[in-house]
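Working notes, beginning with the structure itself.
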Amino acid sequence: SYLLQFLSIVTFAGGESLSLKIGELKVGQEILYTGELIVMRDHAQKIIQKMLKNGKKLPFDLSEKIIFYAGPAKTPHGKKTGAIGPTTSERMDVFLEMLFKLGVIATVGKGKRSRRAIELHRKWKRAYFITPSGASAFLANRVVDLQVLAFEDLGPEAVYRITVENFPLLVAIDIRGNHLFAYPSP
């Protein structure tokens, strides 16, 4: 089927460029992603913004990374992670260009993005994915590894690196700025 052929394109493997794969995606496509996601929310992005403003080096590299706007719950015994689900993306829009300048190639969350964010996706040729909200236990079962990258004292607001298998995503904004969202006429 078309979806199975497409999945082989989206699954990150070896030396292939993830940004080239993302460039092939079109708005509305459903994919199952296998690979790495960097998890962060508002607080971590504020810290990153302040570090950059003060000329400090970040404790991690965001080049060619996909950011997942989420915060994992406490990990139960015997599990890789606690429940993990997307948080509202629109409130992260103030940090979006900063992330793109740092090399981020896509973001994952829930809900619409601002018109400015849609324009930034087009300008920087970046993608935005949505993933099911209200299904955090299901999504947690797709996580095969979780590591704290920075700001561990922030708990669920820390920066994490997770590895996922068959993580469901829907292309909500493609690199051409096409999007799923309806906006009233100005």
Side-chain angles (χ1 to χ4, degrees), residues 12 17-23 25 33 35-75 81-82 84-131 133 136 139 143 145-164 167 169 171-181 183 186:
F12 184 70
S17 170
L18 190 55
S19 60
L20 289 177
K21 291 178 188 178
I22 286 175
L25 302 175
Y33 173 71
E36 181 182 276
L37 298 171
I38 304 299
V39 178
M40 68 173 68
R41 295 172 47 143
D42 323 49
H43 198 169
Q45 290 180 88
K46 287 177 188 171
I47 293 171
I48 291 167
Q49 186 178 52
K50 186 176 181 180
M51 289 178 73
L52 293 172
K53 183 179 177 183
N54 293 328
K56 294 187 177 176
K57 185 174 174 6
L58 299 182
F60 46 81
D61 181 16
L62 292 177
S63 299
E64 291 276 316
K65 301 298 185 197
I66 300 173
I67 301 297
F68 180 25
Y69 300 131
K74 185 176 178 181
T75 303
T81 184
I84 186 168
T87 193
T88 305
S89 300
E90 191 170 25
R91 74 172 193 264
M92 311 294 175
D93 288 352
V94 66
F95 305 109
L96 190 59
E97 190 161 30
M98 171 189 75
L99 292 178
F100 289 167
K101 286 179 180 179
L102 290 168
V104 168
I105 57 172
T107 56
V108 178
K110 72 175 181 181
K112 68 182 179 89
R113 302 303 292 258
S114 66
R115 290 180 192 207
R116 171 75 175 132
I118 292 168
E119 178 56 28
L120 288 171
H121 283 86
R122 188 198 58 73
K123 174 185 172 184
W124 288 89
K125 299 188 181 327
R126 304 296 194 243
Y128 169 57
F129 303 105
I130 53 178
T131 195
S133 61
S136 58
L139 294 176
V143 176
D145 190 43
L146 178 141
Q147 300 170 1
V148 177
L149 284 184
F151 320 134
E152 187 169 9
D153 57 312
L154 298 180
E157 291 270 346
V159 177
Y160 297 86
R161 176 182 22 241
I162 62 173
T163 304
V164 297
F167 198 84
L169 300 173
V171 181
I173 304 173
D174 65 26
I175 68 164
R176 291 160 290 287
N178 300 313
H179 60 89
L180 297 175
F181 312 115
Y183 290 95

Under the side-chain contact (heavy atoms from CB on, under 4.5 Å) criterion, do Phe129 and Leu25 qualify, and how do the steps go? CA-CA 11 Å; Phe129 303 105; Leu25 302 175; 3.5 Å; yes
Hey, mind stepping through Tyr69 and Gln45 against side-chain contact (heavy atoms from CB on, under 4.5 Å) and telling me if it holds? CA-CA 10 Å; Tyr69 300 131; Gln45 290 180 88; 3.8 Å; yes
May I have the step-by-step check of side-chain contact (heavy atoms from CB on, under 4.5 Å) for Ile22 and Val171, ending in yes or no? CA-CA 10 Å; Ile22 286 175; Val171 181; over 6 Å; no
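With a 4.5 Å cut-off on side-chain heavy atoms, Tyr128 and Ile118 do not count as touching. Residues Ile47 and Val159 fail the side-chain proximity criterion, which asks for heavy atoms closer than 4.5 Å. A heavy-atom distance below 4.5 Å is not found between the side chains of Val164 and Leu139.
Annotation: salt bridge (charged side-chain N to carboxylate O under 4.0 Å, His left out) contacts of Lys110 (sequence neighbours excluded): none. In terms of the side-chain hydrogen bond (donor to acceptor under 3.5 Å, both in side chains) criterion, Thr131 has no residue partners (sequence neighbours excluded). Evaluation of the side-chain contact (heavy atoms from CB on, under 4.5 Å) rule for Ala70 yields Val39, Phe68, Ile84 as partners, not counting sequence neighbours. Under the side-chain contact (heavy atoms from CB on, under 4.5 Å) criterion, Lys125 pairs with Ile175, not counting sequence neighbours. Take Lys46 and apply the salt bridge (charged side-chain N to carboxylate O under 4.0 Å, His left out) test, not counting sequence neighbours, and it matches no residue. With sequence neighbours left out, Asp42 forms a salt bridge (charged side-chain N to carboxylate O under 4.0 Å, His left out) with Arg91. Every residue two or more places apart in sequence or in another chain that forms a salt bridge (charged side-chain N to carboxylate O under 4.0 Å, His left out) with Glu119 is listed here: Arg122. Residues satisfying the ring pair (Phe, Tyr, Trp, His ring centres under 6.0 Å) test with Phe151, not counting sequence neighbours, are none. Residues passing the side-chain hydrogen bond (donor to acceptor under 3.5 Å, both in side chains) test with Ser136, sequence neighbours excluded: none. With sequence neighbours excluded, no residue forms a side-chain hydrogen bond (donor to acceptor under 3.5 Å, both in side chains) with Tyr160.
Considering all non-hydrogen atoms of both residues, Gly109 and Pro86 come closest at C-CB, 3.5 Å. Shortest non-hydrogen contact noted between Lys112 and Glu90 is NZ-OE2, 3.2 Å. The nearest pair of heavy atoms linking Ala44 to Met40 is CB-CB, 4.2 Å. In plain terms, the two heavy atoms of Ala172 and Phe181 that are nearest each other are CB-CZ, 3.8 Å. Heavy-atom minimum distance, Val104 versus Ala106: CG1-O, 3.2 Å.
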In residues 94-103, what donor-acceptor pairs under 3.5 Å come from side-chain atoms, sequence neighbours left out?
from, atom 1, to, atom 2, distance (Å)
Glu97, OE1, Arg116, NH2, 3.3
Glu97, OE2, Lys123, NZ, 3.1
Glu97, OE2, Trp124, NE1, 3.2

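Taking NE2 of His121 as the reference point, atom CD1 of Ile173 lies at 4.5 Å (rounded to 0.5 Å). Rounding to the nearest 0.5 Å gives a distance of 14.5 Å between CG of Leu120 and CZ of Arg115. Considering OH of Tyr33 and CG of Leu169, their distance stands at 8.5 Å, rounded to 0.5 Å. Remark: Ile38 CD1 to Thr107 OG1 distance equals 13.5 Å, nearest 0.5 Å. Taking CG of Leu52 as the start and NZ of Lys57 as the end, the distance is 11.0 Å to the nearest 0.5 Å. Within the model, atoms CZ of Arg161 and NZ of Lys65 stand 6.5 Å from one another, a figure rounded to the nearest 0.5 Å.
Here the options are Leu37, Ile162, Thr163, the test is side-chain contact (heavy atoms from CB on, under 4.5 Å), and the partner is Val143; only Ile162 passes.
Here salt bridge (Lys or Arg N to Asp or Glu O under 4.0 Å) pairs that include residues 147-157, with residues two or more places apart or in two chains, are Arg41-Glu157.
Asn178 places no side-chain N or O within donor-acceptor distance of the main-chain N or O of Asp174, the cut-off being under 3.5 Å.
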